[in-house]
Amino acid sequence: MSLYKTLGFVNTKEMFKKAMAGKYAIPAYNFNNMEQLQAIIMGCGESKSPVILQVSKGARSYANETLLRYMGQGAVEMAKAAGYNIPIVLHLDHGDSFETCKACIDSGFSSVMIDGSHHPYEKNIEVTKKVVEYAHDHDVTVEGELGVLAGIEDDVEAAKSVYTHPDEVEDFVARTGVDSLAISIGTSHGAFKFKPEQCTKNAKGVLVPPPLRFDILEEIEKRIVGFPIVLHGSSSVLPEYVDMINSNGGQLKAAVGIPEEQLRTAAKSAVCKINIDSDGRLVVTAMIRKVFKESPAEFDPRKYLGPAREELKKMIIEKNKNVLGSAGQA
Ligand code: G3H
Ligand code: 13P
Ligand code: ZN
C-alpha cells in the first residue's frame, strides 16, 4: 500500500471528480507553521470541506521538510480526534525537479505538482512525464503546468503573464499523463497582482483589475473535456485586511487581488483546485499588527498568534462557503 494511504491522506482523483460534477473547487491552502495548519484543519473541518494542504519548496526549507511531513500527518490525526470527517491531500506546490517530487512521494505526500512551465514545451513534457511515471507507480496524483503566471513562481521570475495556449493542452495532457493542469489566464502570485495602471476604480475608489481570460479557459475546456484545471495565484487580497495592516503601521500600497466574483465563476467551471496563500499571510499579519498596536506590552506569542489563527480560520470558512463552494462537500 502507498505510504500516504497508511498516513491517512488521499490523492486528488475522487476529490476532483466530485468537484467537477458538483461545480465547486477544492481549496488548496499553503502552510508553513503550526498556526496556519491548525486554522486550515479547523476551518475546513468546521465547514465540512475537503482540503489540499499545500507545501512549497520555501515551506520545506523554512519549517524543515521532515517536520513538515509529520505536521501533515499530525493534521490528519487532529482532524480525526476532532471528529472532522474530511478528505485531506498532502500536496507539493511548485515542485521544481524530479528529485524534489520523488522525495515528497517517498515521504508520504499524496499529490505533487511538477512546475515545468518555465521550460521550453518539449522539456516541460519530458520532466513532467518522468514525475508522472514515478508518482503513478505509487498511486500519487500529479499536477502539471502550461503557461506562465505573472509575478514570481517560487524561483522562477516571469516578467509578464504568458497565457496558456489552448492548442497545446490536449497534446500536453496526453503525452505526460498528468491528472490535473494548472493554467495561466491572468492570475498571478502574491499580493500585488496588478499594477494600478492596469486597473479601473469603482465608486468606492477600490482598484478593480482586468477580468480573468475566461475565453481562454472555455477554449481549454473544449480541448480537454472534463479534465481538472487548477488556478494558482488566486488570493483576493481582501481590502479589509490590507486596511488593517496599513492602519496598524504597515505599508502595503496598491495591493490588488482576484475579485471573489471571478473565483466563484471559475469554481463552477472545470477549475477543480484554487490555490490560496497570500490571503492567509495578509490575515495573519493584520491580526498580529493589530495586537501589537493595541497591546504593546504583550510578549506571549500565543496572545498574538492565537487571534491570527482564529481570524485565518474564519477567512477559510468564508472562502469555502461563499467563494469556492466546497463547504458541506466532504
Ligand atoms: O506559489 C507560491 C506560494 O505562494 C508559495 O510561496 O515559495 O514563498 O512559500 P513560497
Ligand atoms: P496567491 O499568492 O494568490 O495566494 O497564490 C498562491 C499559489 O498559487 C500557491 O501555489
Ligand atoms: Zn502557485
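Along the sequence shown, the residues carry numbers beginning at 1. As the structure lists them, so they are numbered: ligands from 1, and atoms in each ligand from 1.
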K.L.:
Working to the nearest 0.5 angstrom, can you tell me the gap between I316 CD1 and E311 CD?
P.N.:
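Here the interatomic distance stands at 11.0 Å.
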K.L.:
As a test of reading the structure, name the N/O/S atom of H232 that is nearest the Zn ion (ligand 3).
P.N.:
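Of all N, O or S atoms belonging to H232, ND1 is the one nearest the Zn ion (ligand 3).
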K.L.:
Can you tell if the side chain of K319 reaches within under 4.5 Å of the side chain of I276, non-hydrogen atoms only?
P.N.:
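K319 reaches I276 side chain to side chain.
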K.L.:
Ring pair (Phe, Tyr, Trp, His ring centres under 6.0 Å) for Y304 and F292? Distances and angles first, verdict last.
P.N.:
CA-CA 8 Å; Y304 49 88; F292 281 176; 4.7 Å; yes
K.L.:
Could you tell me whether N275 approaches ligand 1 through its side chain, its backbone, both or neither, with non-hydrogen atoms closer than 4.0 Å?
P.N.:
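It is neither part, as no heavy atom is under 4.0 Å.
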K.L.:
Give a rough value, rounded to 10 degrees, for the angle at the Zn ion (ligand 3) between atoms NE2 of H189 and NE2 of H94.
P.N.:
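Taking the Zn ion (ligand 3) as the apex, I get 100° for this pair.
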K.L.:
If you measure from each non-hydrogen atom of M113 to ligand 1, which part falls under 4.0 Å: side chain, backbone, both or neither?
P.N.:
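The answer is neither; M113 stays 4.0 Å or more away.
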K.L.:
Atoms of ligand 1 less than 4.0 Å from H94 heavy atoms?
P.N.:
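Once the distances to H94 are compared, the set is 1 (O), 2 (C).
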K.L.:
Exactly which residues line ligand 2, taking a heavy atom under 4.0 Å from it as the test?
P.N.:
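Shell around ligand 2 (4.0 Å, heavy atoms): N30, Q54, D93, H94, S188, H189, G190, K193, H232, G233, S234, S235, N275, I276, D277, S278.
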K.L.:
Roughly how far apart are T285 OG1 and L282 CG, rounded to 0.5 Å?
P.N.:
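Reported to 0.5 Å precision, the distance equals 6.5 Å.
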K.L.:
Walk me through it: do K314 and E310 pass the test salt bridge (charged side-chain N to carboxylate O under 4.0 Å, His left out)?
P.N.:
CA-CA 6 Å; K314 270 173 37 195; E310 188 56 29; over 6 Å; no
K.L.:
Crowded around Q251 CD? As in, over 12 foreign heavy atoms under 6.0 Å?
P.N.:
no
K.L.:
Which ligand 1 atoms does D277 reach within 4.0 Å, using its non-hydrogen atoms?
P.N.:
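What qualifies from ligand 1 is 3 (C), 4 (O), 5 (C), 6 (O).
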K.L.:
Check whether any N or O atom of S56, backbone or side chain, sits under 3.5 Å from an N or O atom of ligand 1, and answer yes or no.
P.N.:
yes
K.L.:
Locate the shortest heavy-atom distance separating D277 from S235; write the atom from each residue and the value.
P.N.:
N-OG, 3.7 Å
K.L.:
Are any of the N or O atoms of N32 closer than 3.5 Å to those of ligand 1?
P.N.:
no
K.L.:
Assess whether atom NZ of K5 is packed by more than 12 heavy atoms of other residues, nucleotides or ligands within 6.0 Å.
P.N.:
yes
K.L.:
Under the criterion side-chain contact (heavy atoms from CB on, under 4.5 Å), which of V148, I183, L149 is the partner of T164?
P.N.:
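Among V148, I183, L149, the one meeting side-chain contact (heavy atoms from CB on, under 4.5 Å) with T164 is I183.
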K.L.:
Under 4.0 angstrom from ligand 1, any heavy atom of R60?
P.N.:
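It does not; every heavy atom stays at 4.0 Å or beyond.
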K.L.:
Please tabulate, one pair per line, all N/O donor-acceptor pairs under 3.5 Å involving side-chain atoms of residues 71-81, not counting sequence neighbours.
P.N.:
| from | atom 1 | to | atom 2 | distance (Å) |
| --- | --- | --- | --- | --- |
| Q73 | OE1 | R69 | NH1 | 2.4 |
| E77 | OE2 | K80 | NZ | 3.3 |

K.L.:
Quick check against the 3.5 Å criterion: does S110 have a side-chain atom that pairs as donor or acceptor with the backbone of V10?
P.N.:
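Indeed, once roles are kept as given, a pair shorter than 3.5 Å links the two residues.
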K.L.:
Can you confirm, on distance only, whether ligand 1 has an N/O atom lying under 3.5 Å from any N/O atom belonging to H232?
P.N.:
no
